[in-house]
Amino acid sequence: MPAQPDYTLRSPDGHIQVVFSLDGHGSPFYSLEYKNKVILEPSRLGFLLEGDPPLDRGFFVTNLERRTFDETWEQPWGEARYIREHYNEMKLHLQEESILRRELIIVFRLFDDGLGFRYEFPKQPNLTDFRIADEQTSFDFAADHLAWWIPAYQEHRYEYLFQRSPVSSLAKVHTPLTLETADGLYLAIHEANLTDYAAMVLKGAGGSGLECELVPWHSDPEANVVRIRAATPHRTPWRTLQIAERPGDLITSYLILNLNEPNVLGDVSWVRSCKYIGIWWGMHLGIYSWGSGPSHGATTANAKRYIDFAADYGIEGVLVEGWNIGWDEGFLNSKDAFDFTTSYPDFDLEEVARYAKEKGVRLIGHHETGGDVLNYERQMAEAFTLYESLGVDTVKTGYASTLIDGVEWHHGQRMVRHHQEVVELAAQRKIMLDVHEPVKDTGLRRTYPNLMTREGVRGMEWNAWGPDGGNPPEHTTVIPFTRMLCGPLDYTPGLFDLTFQGKNPKNRERTTLAKQLALMVVLYSPLQMAADMPENYRGHPAFQFIVDVPTDWEETLVLNGEIGEYITIVRKDRHSDDWYLGSITDENARILEIELSFLDPAVQYVAEIYADSFDADWENNPHGYEIRQELVDSASTLELVLAPGGGQAIRLRPAIQSWFLQDVGALEASAPGG
Ligand code: NOJ
């Protein structure tokens with residue numbers, strides 16, 4: 001008897017094992033173990049096609065290729081500079097036994113932090129133009145794990161509070177989907193390299209497993225409609241399963257990036273991260289309007305005021321929303337209203353761009369489509385060219401609507417293709433992007449480094465007008481472990497007036513001020529917006545932290561954390577020897593002990609600490625904070641005392657000699673009795 005072929009693949013460290021198999025009908029399956037524990041039972045692979053027989057049975061393996069890859073690559077900007085890409089790969093070539101003899105390739109890659117697998121449809125006579133009715137990939141977990149989820153196909157896209165419940169209770173949810181197992185593992189299902197396909201939604205069926213559902217072309221998810229239009233050769237995004245023993249290790253897993261293609265833009269020295277402020281929060285509070293009128297926010301004079309503030313404090317960028325015609329029509333579902341090249345009469349785009357340049361400030365442009373994408377597509381080449389001609393090198397785009405052009409979901413193939421077109425168009429003009437109401441991030445920033453950040457989260461703005469009053473204190477202790485796993489997020493932290501007058505009396509920010517500072521570190525965005533208005537920042541001692549905190553990192557470490565409770569992240573500045581720490585808690589006060597062993601042992605550091613005051617709490621005293629300094633080194637332990645809804649932000653800078661004397665002098669002077 002011939003030996004049974006071995007379709008087993010192991011991760012480089014040997015801890016993860018995937019086994020591919022064909023059942024008695026020639027249907028493909030895969031299963032997965034971690035440290036000899038079954039994580040996935042044999043789970044389905046394959047496709048239902050529209051107008052063609054399914055591509056999920058009657059297969060035999062014609063060829064098996066294996067390889068190992070181990071290289072370290074450098075991010076042009078990011079949360080870590082160097083990323084090791086180390087995997088073992090198994091590529092299975094399948095062919096149907098039937099008369100059609102169609103071929104399908106399935107590629108598995110195992111890293112030490114998880115699995116990626118994708119399907120490839122090679123060019124072949126009996127599969128040319130084809131349409132996918134659905135993908136049958138499933139994740140049949142061995143137990144009913146707890147999931148952190150947001151619902152799919154809803155009015156507000158990805159902008160929901162995460163809920164926690166067993167997989168068996170899930171209907172249709174977005175990815176990344178983070179799971180906690182009873183025996184202390186943390187798993188995340190997501191996808192990587194989504195370029196010409198629909199996003200994957202996960203569908204529960206009452207058990208411990210989940211199935212892939214591709215977002216359909218038209219807006220009825222129940223209908224048996226076309227989900228993918230393709231022609232061979234074609235390939236799917238990678239389906240991913242990350243595995244960690246500590247929840248924080250999901251955050252420092254770069255598997256999603258590793259499953260994307262290297263940079264195709266060549267020299268990207270023009271791509272630069274930055275902090276920015278914006279004519280923005282005032283609109284969300286109703287102080288300014290986007291449209292014309294007496295409270296129009298985007299006037300030439302106001303833009304110059306923001307630019308002056310940014311220049312005074314060394315904030316690199318200023319966003320201006322509401323400068324172009326179209327807002328008066330009401331932007332939700334307005335048709336053909338937005339004109340992306342004509343400004344309101346009280347806003348002189350050329351003059352504002354000139355002034356920003358003179359002051360050394362990056363003007364950040366804005367394209368809000370209101371979901372009227374056909375209108376945008378007619379104008380976008382010209383609109384990007386206008387910005388390019390004025391030296392505006394960064395654009396925030398927006399797709400605020402439930403459906404695109406009244407028919408399509410934000411996450412189907414239609415919009416994936418649209419975003420791909422926008423990123424290429426912007427890259428040709430050396431323009432960087434911050435995408436709001438996006439398709440979820442799947443790591444494309446590796447290939448297109450100008451695609452810097454996105455929203456796709458229930459961000460700060462919900463505090464201004466969310467009908468439920470705003471984001472609860474735990475929200476920002478959940479999203480680092482869920483939404484942030486897919487990539488940078490433009491949450492827009494850094495609010496200083498926490499008890500503002502919102503749309504209704506319940507609206508407010510539910511954190512302390514020190515937590516706002518900590519969020520500048522915890523929530524990673526290479527374009528990081530400090531949300532508040534200049535009048536709330538100017539002269540405020542705590543604003544120094546926002547001035548100092550970088551947006552480009554050499555290294556990121558998650559020191560501790562529990563999903564929905566607390567998290568402490570430290571990041572090393574890519575352009576100095578400074579480290580920055582952000583620690584946040586939910587509604588519970590807590591004390592966290594932090595060892596500073598990550599610091600260079602040969603160096604002493606000054607810790608500039610922005611902490612909750614002893615009587616601070618998000619509800620009754622959110623503005624209570626204190627700033628103090630301590631000398632520390634890699635043997636030190638810090639005790640972080642976090643108020644209810646509080647946080648702590650620390651800059652750790654080397655106490656180099658001349659500064660050191662000054663630092664010690666300052667410390668001695670500030671010591672009790674000093
Ligand atoms: C929603 C975006 O998230 C927000 O940042 C923007 O101000 C509005 N749309 C208007 O474009």
Side-chain angles (χ1 to χ4, degrees), residues 150 154-161 275-292 295-298 302-303 306 317-334 337-340 343-344 347 364-373 375-376 380 383 394-404 410 415 419 422 433-441 452-467 470-471 475 479 483 488-495 500 502-503 507 509 523 525 527-533:
I150 52 171
Q154 301 296 312
E155 184 184 357
H156 299 296
R157 308 157 303 267
Y158 303 112
E159 297 175 35
Y160 287 88
L161 298 175
K275 275 178 306 236
Y276 68 102
I277 54 165
I279 302 184
W280 179 81
W281 185 234
M283 275 89 100
H284 287 273
L285 290 184
I287 297 171
Y288 295 142
S289 64
W290 276 281
S292 60
S295 48
H296 188 208
N302 205 24
Y306 273 68
V318 170
L319 162 75
V320 180
E321 295 200 359
W323 67 271
N324 65 313
I325 281 179
W327 294 88
D328 297 329
E329 285 74 5
F331 72 89
L332 284 181
N333 300 320
S334 57
F338 283 115
D339 176 334
F340 297 91
S343 39
Y344 280 116
F347 185 78
I364 299 185
H366 189 222
H367 286 167
E368 173 57 66
T369 69
D372 192 358
V373 172
N375 175 48
Y376 182 49
M380 63 191 190
T394 310
V395 175
K396 170 177 169 179
T397 55
Y399 297 84
S401 61
T402 297
L403 294 175
I404 298 295
H410 280 66
M415 283 307 285
H419 287 293
V422 173
L433 291 173
D434 167 7
V435 185
H436 276 229
E437 299 82 28
V439 172
K440 64 188 173 185
D441 199 336
M452 298 189 84
T453 190
R454 332 179 181 218
E455 188 195 34
V457 66
R458 200 177 126 127
M460 177 65 80
E461 63 197 32
W462 281 81
N463 296 318
W465 42 252
N471 298 332
H475 182 54
I479 56 178
R483 159 62 182 86
L489 70 172
D490 195 28
Y491 182 90
T492 71
L495 211 67
F500 51 80
K503 281 266 153 66
N507 282 125
E509 173 55 286
L523 301 177
S525 184
L527 301 171
Q528 182 73 291
M529 173 146 161
D532 219 329
M533 298 187 291

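This is a predicted model, so every value here is computed, not measured. Only heavy atoms go into these numbers, but all of them, side chains included; no hydrogens, no water, no symmetry mates. One-based numbering, in listed order, for ligands and for the atoms of each.
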Side-chain donor-acceptor pair present, Tyr491, Asn471, cut-off under 3.5 Å: yes

Pair His366, Trp323: side-chain N/O donor-acceptor within cut-off below 3.5 Å: no

Which of the atoms of ligand 1 are close to [X], meaning less than 4.0 Å from one of its heavy atoms?
X      : value
Trp327 : 10 (C), 11 (O)
Glu368 : 9 (N), 10 (C), 11 (O)
Glu455 : 3 (O)
His436 : 2 (C), 3 (O), 4 (C), 5 (O)
Glu437 : 1 (C), 2 (C), 3 (O), 9 (N)
His366 : 11 (O)

[X] side chain to [Y] backbone, donor-acceptor under 3.5 Å:
X      : Y      : result
His475 : Arg458 : yes
Tyr306 : Asn302 : no
Asn324 : His367 : no

Sub-3.5 Å N/O-N/O distance, Trp290 and ligand 1: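 No, since none of the N or O atoms of Trp290 sits under 3.5 Å from an N or O of ligand 1.
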
Salt-bridge criterion met for Lys396 and Glu321 (N-O under 4.0 Å):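 Looking at Lys396 and Glu321, the cut-off is met.
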
Candidates Trp290, Tyr288, Tyr344, Phe347 - the one meeting ring pair (Phe, Tyr, Trp, His ring centres under 6.0 Å) with Trp327: Trp290

For ligand 1, the portion of Tyr399 having any non-hydrogen atom under 4.0 Å away: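 No part of Tyr399 comes within reach of ligand 1.
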
For ligand 1, the portion of Met283 having any non-hydrogen atom under 4.0 Å away: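 Met283 to ligand 1: no contact under 4.0 Å from either part.
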
